[in-house]
Structures are given as structure tokens and as C-alpha cells.
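Each chain gets a letter, A, B and so on, in the order the sequences are listed, and its residues count up from 1. Hydrogens, waters and symmetry mates play no part in the numbers below; they use all other heavy atoms, side chains included.
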2 protein chains.
Amino acid sequence: MPVDACRALGLNSGMDKAHALDTVFAALADPTRRAILGMLLEDDMAVTDVAEPFEMSLAAISKHLGILSRAGLITQERRGRVVWCKLEPDALRDASIWMQGFGQFEAVHLDAFERFLQSELPDDT
Amino acid sequence: MPVDACRALGLNSGMDKAHALDTVFAALADPTRRAILGMLLEDDMAVTDVAEPFEMSLAAISKHLGILSRAGLITQERRGRVVWCKLEPDALRDASIWMQGFGQFEAVHLDAFERFLQSELPDDT
DNA sequence: GTGATGTTCAACCGTTCGGTTGAACATGCC
DNA sequence: GGCATGTTCAACCGAACGGTTGAACATCAC
């Protein structure tokens, strides 16, 4: 598997699963970073465009993007001068699964939820 | 609604939803605290018993429990000398819902997913 | 080459975090 | 009362966090 793909899955080399949860949850524990993820849900964006709506220096946003990237929640690809940021939602999967071990409704209705997914999803998952 | 119930739902007074996500995710970003939550999944526990498996001072565990409590993830009730800790999994609900906005399969089928939740959940939400 | 643009680096700053220690506070037992 | 037990408080420590600034680095346009 290519290194980038690993990082996109939160499987940074030398990072065990617990440490991956650490970095993912820590990355999510900041409103600026959650807002960035929400923006990237719409479309890929350049760093400057990500920074635009925030009242904060470009360097600060660059740091936030670094944290999101190290957590595997986004990937960054340089094309010419501009660095494009892309959401990697698969990195949330392990964290989501961990959480679903606790939620009452998820626990109770997990089977129904999986039946729901199977019925609603296209086959390419 | 009683204050304790509000705290159990992560609705601490004066804490808006974004701040609630901050504290919940921050609380989850530590392996000791995640382990504690896992232990409380089995049963309610006294503070001393929570601390027993960790190579760490009791005061440190007490702080961790305070963080989990302020995030609404547990409640603590004093009975005599001992303080009992109880898991409050409902506090994970908002965070879980927020995350499910990002998973690829969930994103595509979010409307259907919400219909699913509405049909499967009890009415007391 | 020159200059403007996009991004990151390096150093710094104040605050928070995760841990320690020792003392304090409550409560139950004799 | 006196003492052991369960828990938290207060002060401290080093490290990490979230932000700033100014300089540096790449790349594109002319």
C-alpha cells in the first residue's frame, strides 16, 4: 500500500491504533479544525482559500492543516505553487466505530443500522 | 430538566454545542480516559477502583475523572466516603452525529440515515 | 532576472495539559 | 475521641497547544 494511502487511513507508520485515536480525537477537539473539515466536505481547497474566512494568520491555518494531515483526516497535494487540501473521511471510521461501542442507541440498533446500510448502499463499498 | 440530566447530555449550562464538542473530543483524546470509559462500560466503579489498574497517582485519576465529568461523559455520585462513577453514553451522541456527517457512505446517504434514525429511535430524544 | 504569490519555517509568547507531591477534607469504624 | 480510608485540593513541573511575527522558500508571470 502506498504511504499516502496509509496516511489517509490514519495508519501512519509506527502509530498504533490507540495513538491514532489520540491524534484523531485531538484534531477534532478544536472548532477551527472542525470548521475546516466542514469546508472541505464541499470541495477540495487551496490553503489560502481555507484560511480566508478565519480571522487568524495564514501560518496558524497552515499549522491546523498540518495537524489534520498528521491525523490522516486530510491529505495535501502540491500542484505548482498551491497546496490542495482534500478531506479523507475514512480516517474517522475507527474513531466512529470506537464511539459506537458506547452509544446506547447505536449499540441497541446496530444490527438495524447495518441492515439499513446494506439496503441503502451501492455495491462499491 | 434536572441539572444532572443536562450534564449527562453534555448540555452544561453556558456551554454551546461547539464548546461541548470541544470538551468531548478533548476528553476522548487521551488513552487513559478512553480506558476508563471502557472500564465503566462494564459497571459503575468507585474512584479508587478506577485508579487501581493504572500506574499513576490517585490524584491524576481524579483529574481525569473530572475532565470526563465536565465533558458529560460520566457522572459522579458521592455515597458515604466513596464516589461512584457512572458512564453517560448519551454525551457521545452529538459527537457521533457530527462525525457521521463525514463518512463517505454516511455523507451520501445522510438523508436516508436521518430517516432511519427517526424511525428507529425512541421518542425521548 | 525581478517581482508578486502561495506556503511553510523558526522563534517566541502565554495558556493548558498531564503528571507529581504533600496536605487537607470527609466519612466510617472502634 | 482517635484513627484508617476515600477523595480532592493546591502548588508545582515540563511538555504541548494555539497563536503571533518575520524570514525563507518555491513557483508563476513578465
How many whole angstroms separate atom [atom1] of [X] from atom [atom2] of [N]?
| X | N | atom1 | atom2 | result |
| --- | --- | --- | --- | --- |
| A:M45 | C:dT7 | CE | P | 11 Å |
| A:Q76 | C:dC9 | CD | P | 10 Å |
| A:L65 | D:dG18 | CG | P | 13 Å |
| A:D22 | D:dA16 | CG | C1' | 13 Å |

Open item on the list: If you compare all heavy atoms of A:A51 against all heavy atoms of A:L58, which two are closest, and at what distance to 0.1 Å?
Closed with: CB-CD1, 3.3 Å
Open item on the list: So which atom in B:P53 and which in B:M39 form the shortest heavy-atom distance, rounded to 0.1 Å?
Closed with: CG-CE, 3.8 Å
Task: Secondary structure of DNA chain C in dot-bracket form (Watson-Crick or G-U wobble, distances below 3.5 Å, | marking inter-strand pairs) - done: ||||||||||||||||||||||||||||||
TODO: Establish whether B:W98 and A:I67 are linked, either directly or via other cluster members, by ILVMFWY side-chain heavy-atom contacts under 4.5 Å.
DONE: no
TODO: Do nucleotides 17-30 of chain C as a string where each nucleotide becomes B, S or -: B if the base has a protein heavy atom under 4.0 Å, S if just the sugar-phosphate does, - if no protein is that close.
DONE: -SBBB-----BS--
Let me have the donor-acceptor pairs involving side chains of residues 23-34 of chain B, under 3.5 Å, with sequence neighbours excluded, atom names and distances please.
| residue | atom | partner | partner atom | Å |
| --- | --- | --- | --- | --- |
| B:T23 | OG1 | B:H19 | O | 3.4 |
| B:T23 | OG1 | B:A20 | O | 2.9 |
| B:D30 | OD1 | B:T32 | N | 2.9 |
| B:D30 | OD1 | B:R33 | N | 3.2 |
| B:R33 | NE | B:A27 | O | 2.8 |
| B:R33 | NH1 | B:H64 | ND1 | 3.1 |
| B:R33 | NH2 | B:A26 | O | 3.1 |
| B:R34 | NH1 | A:D22 | OD1 | 2.8 |
| B:R34 | NH1 | B:L28 | O | 2.8 |
| B:R34 | NH2 | A:A18 | O | 3.0 |
| B:R34 | NH2 | A:D22 | OD1 | 2.8 |

TODO: Could you tell me the separation between the SG atom of A:C85 and the CG atom of A:L37, rounded to the nearest 0.5 Å?
DONE: 10.5 Å
TODO: With rounding to the nearest 0.5 Å, note down the distance linking CZ in A:F54 to CD in A:E52.
DONE: 10.0 Å
Open item on the list: Set out, in order, the CA-CA distance, both residues' side-chain angles and the distance that settles side chain to side chain contact (heavy atoms under 4.5 Å, CB included) for A:I36 and A:L65, then state yes or no.
Closed with: CA-CA 8 Å; A:I36 291 174; A:L65 291 171; 3.9 Å; yes
Task: From CA spacing to verdict: side chain to side chain contact (heavy atoms under 4.5 Å, CB included), A:L68, A:E88 - done: CA-CA 10 Å; A:L68 290 171; A:E88 295 291 346; over 6 Å; no
Task: Short side-chain N/O contact from A:S62 to OP1 or OP2 of C:dT7, under 4.0 Å - done: no
